[in-house]
Each structure stands twice: as structure tokens, then as C-alpha cells.
**Q** 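Mind having a look at this structure? Questions to follow.
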Amino acid sequence: MQQILANLGIKEINPGASTGAEWLDCSGTALDSFSPASGRKIATVTQCEVDEYEKVMEAAASAFKEWRMVPAPVRGEVVRQIGDALRRHKEDLGALVSLEMGKIKQEGLGEVQEMIDICDLAVGMSRQLHGLTTHSERAKHRMYEQWHPLGIVGVISAFNFPVAVWAWNTMLALVCGDTVVWKPSSKTPLTAVACQKIAADVIRANGYPEGISNLVIGRGATIGDRMSHDPRLPLISATGSTPMGKKLGAIVGGRLGRAILELGGNNAIIVTPDADMSLAIPNIAFGAVGTAGQRCTSTRRIIAHSSIVDSLVDKLKAAYATVKIGDPLDESTLMGPLIDKGAVQDMQNAIKRVGEEGGEMVCGGEVLDGPGYESGCFVTPAIARVKNEFAIVQEETFAPLLYVMSYDTLDEALALHNDVPQGLSSSIFSNNMIETETFLSHMGSDCGIANVNLGTSGAEIGLAFGGEKETGGGRESGSDAWKLYMRRQTNTMNWSGETALAQGIKFDL
Ligand code: UN1
């Protein structure tokens, strides 16, 4: 562990604010970061307060003036080098993600790979920030649109993807000519310190000023609140719970700022009689148990045809029994701890509510103790038979708790599927084309992501990521999500030497 921390430049006590190469002396309280697996302290961060936040914002504003004038492909070259640096640090950073957040090492490495992938995508995009041209209704006029850098982008990220979500936003924002101020989750400050160092080293080596990539680790009530109210941040991209997003969205909307919200999911998989069970079982298990059920894309609900639901539950129960739970850095572990004891309590409360509402636990839900489980954050993954209308099923419980319900007709399955407040990710397992096409059609899944014969989690970065309804409507990552990080300008050029008004208006003086 000490070697990993040393390789990533993490000290025993780390300042919580940085404008790049420069780290600011912070005046806030100490924030200790604990491993959820061992319960032991890893290192400490001194939290950023409003004074340091102001210094960071000044640096970000001044850097923006310079960075926006750097040609986009040249900005892309900086991002390419950040991608290379991430490749060099992949092993250490993946291990630190696993240590601090608790996801298994494979998933920690996968998360860093996702960062590398978005760097590659952003490099290509730096040469493709296209605008349209169109034909003017007036003779000898030309119309086109340009995309200009937007300003300082605020990124607020969650503990569950402590580094990838920063990269999705930051790499696009950087090629778009924006500067970034990042407030990571207070549960995962060290991975943020490591990322900031990696990006800052590259930016400084290329001779650019302080303030392009910035970090502010502080309390939501001070720094997060300040960011949401700050008119110097034209865009805030926030990942987290729906209550957090509703609050933040109202504040940012109140000042007519732009928000990209990536909030809770309640992702379901429909399993039809035509499903290939040898595909469905491992995909459901990864979706529900992977990352200990702490992805916004985790599978929360199974909607299975009544003819197969019992055998599906039996197979899932058997698969769950083989899941090795323990130290996330151990190669044979498939499920690590939950992030903290609060998350364990939330899962316990949800299980209690399942019982109170008339549901039936199939397996799991125990809190593990004994050797290797001393932190109190390890649970066994749980399956419950429920009805979709239960209040608890309508909520996102951020834990490995899978709800199973059954249906008789596809219409009924789709109604159950869409009858939740959230709308992030969804899947159907079926080899019947009419079923799969119905699921993907206008009358099918109402989610931002809809898959066939694969799970709800583990999206690639090439297309847009995000969801509808209480998931917040934001889109990040690939496709045209970059446009949200830029300012569109419509330009009309008159080279006729004459005045000509649009819509044929006559205004003769
Ligand atoms: C999240 O949980 O906030 O699709 C992001 C996935 C990952 C990203 C999840 N690529 O599961």
C-alpha cells in the first residue's frame, strides 16, 4: 500500500486544493480517508474552505483566457499525454481506487481504462468540434455556427466512480477549451489527489499556466453549495443521488446556469421465455453484485416471465452462493465491501421494508463479521421477491439488493419496467426479435440506455451516457455530449455591400 501511495504522490497529509502544480495550504478540518475493506486509515486531506476556493476560481478564470485561445487539436495533444500518463499509472491508480472505494481490483483497473478511453475519444474530438453551415435566405450572405469554449466547468463527482466520472467531464471540457474545478466525493479524496497530480504534471510539462485543471476537496455544505451558486461556473456537471441533483439543479437553474445531472437509477432487466439463460445469469449477477451494487447502472430489478421466474431465481441463488466476498485487492474476490457502515445500514433498512411491505427474501443480506470482515462493511448480496409498486422498490438502494418480480405479457413487463421514477439503464434478454425490437421502440424502455442480451451496467464511453426522468436528463461522455461543454454561436456574414433584412422586411430611411 505504501508503495502505491508513494508512486501516486500521496503523502500522509495532503492539501485539499490545487490549481495544478500548485497545492494550496488549506484552512479546513482534516478529512481522513479509510479503506472500507480494512477500516484502516489510508491518509488525510486538509479540506478546502471558501478562501482557498476563491483562489482556485481566480486561477481558473485567468487560465481560461489563455487556454481558450490554444487551438483545439493542441489542447487535444495535452489530453493525449494525460491518457499516456494514465496508462503508465493504470496499475497503481486502479489499486488505489480499489483500496479507497472498495471495488475489486479488476473493476478499479476497468475504471482507469475508462479514463484512458475517454482521453482517446477526446483527442479525436479535438479535431471534430464541428458546426453547421447553411444557406442564407439573403443574396451574398453566409451563415454558419461556431462552438466556442464555455468557461469554467464545475465537476461534482460521487464515490462510486471516483476517477472515471472526473475524466469523462474533464477530458471533454479540456479539449473544448474550458478550465475545470473538481469537487470529488469526501469519501474518496485520495484518488482525486492522485488524478490531479497526474493531469497537473502533464499540463505543467507543456508550459501551460496554473488553473486549467483544479481540485477543491471540501464539504458539500460549503464548497458544493458555493459552486452551485457561483455564476462564474456556467456549467456544473454533477453525479450523485436524486435528492442531491434536485437541490443542485434548482440552484443552478435559478441562476440560469447549465447543469448536467447524472443521478439515481432503478435499472431493470426483462427476462423473457426466449432468453438464453446461460447469458442472462452471469450478466444479471455482474449487474447486481458488481461494484457491490454501487453503480448508478447496477441492476436493481428483474422482471421475469412467470413461466421461468422460479427457475431463474434458483439459478441466481446458486450463482450468488459462489460469489467470493472479501478483500477487493485479492484477485479471487468478486465482491468487496460497501463504502461505509451507513451504506450497510441503508441496505438493512431496505430489507426490513421489503418484509414490512409483504416481500419475501430469497437469500443474502447478512452483515459479515469475523476475520477479514472487521470493518463491518461487508454484506452478502441479496435477492428478494417483491411487487414493483412497493415504496422501497421505487427507490434506489445503493447496495447489492436485487428485486425479482414476474409478468405474463410483454405489455405488462414494459409497464412494470417503466413504472419507476428513475430512467437510466435497462436491458432485455430474449432471442425473439419482436420482443427485443418492441423493447427498443418508442413504446419500449423509457431509459437513456437500453440493451439487448447484455446487462444494465458497464456502458462503453463511445456514445452518450445518462438517463431520463429522475436520473436528471444529463448526457456525458461520447456522441455529441461535448456540445454541453461549449457555447454555440450563430454567425451571419453579409458580403453583398447592401442592406437586406431577413423575412423580407422593408425599412427604407
Ligand atoms: C456510475 O455508476 O456513476 O456504465 C457510472 C457503467 C460505467 C459508469 C457508471 N461505465 O456502469
Side-chain angles (χ1 to χ4, degrees), residues 114 154-162 164-166 168-169 172 185 224 228 235-253 257-270 287-288 290-291 293-303 346 350 388 391-399 401-403 414-428 439-440 442-451 454-481 483-485:
E114 197 164 341
V155 176
I156 297 178
S157 61
F159 77 86
N160 65 329
F161 272 78
V165 171
W166 166 71
W168 287 356
N169 286 284
L172 288 190
S185 164
S228 54
L235 167 64
I236 299 216
S237 177
T239 303
S241 69
T242 293
M244 178 285 294
K246 281 185 175 168
K247 197 167 153 223
L248 181 123
I251 297 170
V252 177
R258 197 182 286 176
I260 299 176
L261 298 175
E262 209 271 276
L263 312 174
N266 197 344
N267 317 298
I269 296 181
I270 297 176
T291 331
Q294 298 171 109
R295 291 191 189 214
C296 54
T297 50
S298 289
T299 307
R300 311 249 172 248
R301 298 179 297 140
I302 299 297
I303 304 166
D346 288 347
N388 197 57
I392 187 63
V393 176
Q394 296 282 313
E395 291 174 24
E396 178 190 50
T397 300
F398 223 52
L401 171 55
L402 182 66
Y403 298 127
L414 289 171
L416 289 170
H417 180 277
N418 291 343
D419 188 16
V420 287
Q422 309 83 352
L424 179 54
S425 186
S426 59
S427 301
I428 189 168
F439 181 72
L440 299 178
H442 307 324
M443 58 187 278
S445 164
D446 63 0
C447 291
I449 298 169
N451 298 330
L454 62 144
T456 56
S457 66
E460 299 177 23
I461 50 91
L463 290 177
F465 181 91
E468 303 300 332
K469 303 194 297 189
E470 286 196 357
T471 302
R475 292 296 187 277
E476 296 170 311
S477 214
S479 183
D480 62 353
K483 290 181 173 172
L484 291 161
Y485 301 79

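On a predicted model such as this, the values are computed, not experimentally measured, just so you know. Computation of the quantities below employed the complete heavy-atom set of this structure, encompassing side-chain atoms and omitting hydrogens, waters and symmetry-equivalent molecules.
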**Q** Within the side chain of Q394, is there an N or O that forms a donor-acceptor pair under 3.5 Å with the backbone of D419?
**A**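 Looks like yes, one N/O pair under 3.5 Å.
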
**Q** Any side-chain heavy atom of I461 within less than 4.5 Å of one from E114?
**A**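 In short, these two side chains touch, coming nearer than 4.5 Å.
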
**Q** Would you find a donor on one side and an acceptor on the other, under 3.5 Å apart, between the side chain of T471 and the backbone of G264?
**A**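 At least one qualifying donor-acceptor pair exists.
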
**Q** Is the side chain of N267 donor-acceptor paired with the backbone N or O of T299 at a distance under 3.5 Å, no angle test?
**A**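 It does not hold such a pair.
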
**Q** Sequence neighbours excluded, which residues qualify as ring pair (Phe, Tyr, Trp, His ring centres under 6.0 Å) partners of F465?
**A**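 If we apply the ring pair (Phe, Tyr, Trp, His ring centres under 6.0 Å) test to F465, skipping adjacent residues, the hits are W168.
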
**Q** Side chain to side chain contact (heavy atoms under 4.5 Å, CB included), that's the test. Do F161 and E262 meet it? Break it down for me.
**A** CA-CA 12 Å; F161 272 78; E262 209 271 276; over 6 Å; no

**Q** Side-chain donor-acceptor pair under 3.5 Å between T297 and T456, yes or no?
**A**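 Not at all, the side chains of T297 and T456 share no donor-acceptor pair under 3.5 Å.
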
**Q** Mind checking what makes salt bridge (charged side-chain N to carboxylate O under 4.0 Å, His left out) contact with E470, not counting sequence neighbours?
**A**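 Once residues adjacent in sequence are excluded, the partners of E470 under the salt bridge (charged side-chain N to carboxylate O under 4.0 Å, His left out) criterion are K246.
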
**Q** Is any side-chain heavy atom of R300 less than 4.5 Å from a side-chain heavy atom of L402?
**A**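 Side-chain contact under 4.5 Å: no.
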
**Q** Please lay out, stage by stage, how C296 and L424 fare under the test side chain to side chain contact (heavy atoms under 4.5 Å, CB included).
**A** CA-CA 8 Å; C296 54; L424 179 54; 3.7 Å; yes

**Q** By salt bridge (charged side-chain N to carboxylate O under 4.0 Å, His left out), which residues pair with R475, not counting sequence neighbours?
**A**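 By the salt bridge (charged side-chain N to carboxylate O under 4.0 Å, His left out) rule, R475 matches E468.
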
**Q** Are any side-chain N or O atoms of S427 and backbone N or O atoms of G455, one a donor and one an acceptor, separated by less than 3.5 Å?
**A**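 Looks like yes, one N/O pair under 3.5 Å.
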
**Q** Mind checking what makes side-chain contact (heavy atoms from CB on, under 4.5 Å) contact with E460, not counting sequence neighbours?
**A**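 E460 satisfies side-chain contact (heavy atoms from CB on, under 4.5 Å) with no other residue.
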
**Q** Would you check if the side chain of Q294 reaches a backbone N or O of A399 as a donor-acceptor pair within less than 3.5 Å?
**A**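 Pair absent, no side-chain N/O of Q294 close to backbone of A399.
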
**Q** Salt bridge (charged side-chain N to carboxylate O under 4.0 Å, His left out) with K469: which residues, sequence neighbours excluded?
**A**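 Partners of K469 under the salt bridge (charged side-chain N to carboxylate O under 4.0 Å, His left out) test: D446.
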
**Q** Looking at K247, I'd like to know if its NZ atom is crowded, meaning that more than 12 non-hydrogen atoms belonging to other residues, nucleotides or ligands lie closer than 6.0 Å.
**A**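 Incorrect, the count does not exceed 12.
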
**Q** Quick one: list whatever passes side-chain hydrogen bond (donor to acceptor under 3.5 Å, both in side chains) with T291, sequence neighbours left out.
**A**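 side-chain hydrogen bond (donor to acceptor under 3.5 Å, both in side chains) check on T291 returns E107, R295.
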
**Q** Test of understanding: with ring pair (Phe, Tyr, Trp, His ring centres under 6.0 Å), list the residues that count as partners of F439, not counting sequence neighbours.
**A**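 For F439, the residues satisfying ring pair (Phe, Tyr, Trp, His ring centres under 6.0 Å) (neighbours in sequence not counted) are H417.
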
**Q** Got a sec, which residues hit salt bridge (charged side-chain N to carboxylate O under 4.0 Å, His left out) with E395, two or more places apart in sequence or on another chain?
**A**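 With neighbours one apart ignored, the set is R353.
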
**Q** For the pair T239 (side chain) and A158 (backbone), establish whether a donor and an acceptor sit closer than 3.5 Å, ignoring hydrogens and angles.
**A**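 Not a single qualifying donor-acceptor pair exists.
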
**Q** Going by side-chain hydrogen bond (donor to acceptor under 3.5 Å, both in side chains), name the residues that satisfy it together with Q422, two or more places apart in sequence or in a different chain.
**A**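 Counting only residues at least two positions away or on another chain, Q422 forms a side-chain hydrogen bond (donor to acceptor under 3.5 Å, both in side chains) with N266.
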
**Q** Closest approach of S298 and G293, non-hydrogen atoms and distance?
**A**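 That closest heavy-atom pairing would be OG-C, 3.3 Å.
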
**Q** Are a donor atom and an acceptor atom from the side chains of R301 and N388 found within less than 3.5 Å of each other?
**A**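 Yes, side-chain donor-acceptor contact under 3.5 Å.
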
**Q** Nearest heavy-atom pair of L401 and A350: which atoms, and what distance?
**A**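 The answer is CD2-CB, 3.7 Å.
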
**Q** Between atom CG of L416 and atom CD1 of I303, what is the distance when rounded to the nearest 0.5 Å?
**A**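 So the CG of L416 and the CD1 of I303 are separated by 5.5 Å.
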
**Q** How close do W166 and V155 get, heavy atom to heavy atom, and via which atoms?
**A**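 Distance-wise, the nearest heavy atoms are CA-CG1, 4.4 Å.
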
**Q** Could you work out, with side-chain contact (heavy atoms from CB on, under 4.5 Å) as the rule, every residue matching L484, not counting sequence neighbours?
**A**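 Partners of L484 by the side-chain contact (heavy atoms from CB on, under 4.5 Å) criterion, ordered by chain and then number, come out as R258, I260.
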
**Q** Distance only, no hydrogens: is a donor on one side chain within 3.5 Å (strictly under) of an acceptor on the other, for S237 and E476?
**A**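 Yes, E476 and S237 have a side-chain donor paired with an acceptor closer than 3.5 Å.
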
**Q** With sequence neighbours left out, what residues match D346 under side-chain hydrogen bond (donor to acceptor under 3.5 Å, both in side chains)?
**A**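 side-chain hydrogen bond (donor to acceptor under 3.5 Å, both in side chains) check on D346 returns nothing, list empty.
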
**Q** Can you name the residues that form a side-chain hydrogen bond (donor to acceptor under 3.5 Å, both in side chains) with S426, not counting sequence neighbours?
**A**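 If we apply the side-chain hydrogen bond (donor to acceptor under 3.5 Å, both in side chains) test to S426, skipping adjacent residues, the hits are S445.
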
**Q** Do the non-hydrogen side-chain atoms of L248 and I156 ever get within less than 4.5 Å of each other?
**A**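 Counting from C-beta outward, L248 and I156 do come under 4.5 Å.
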
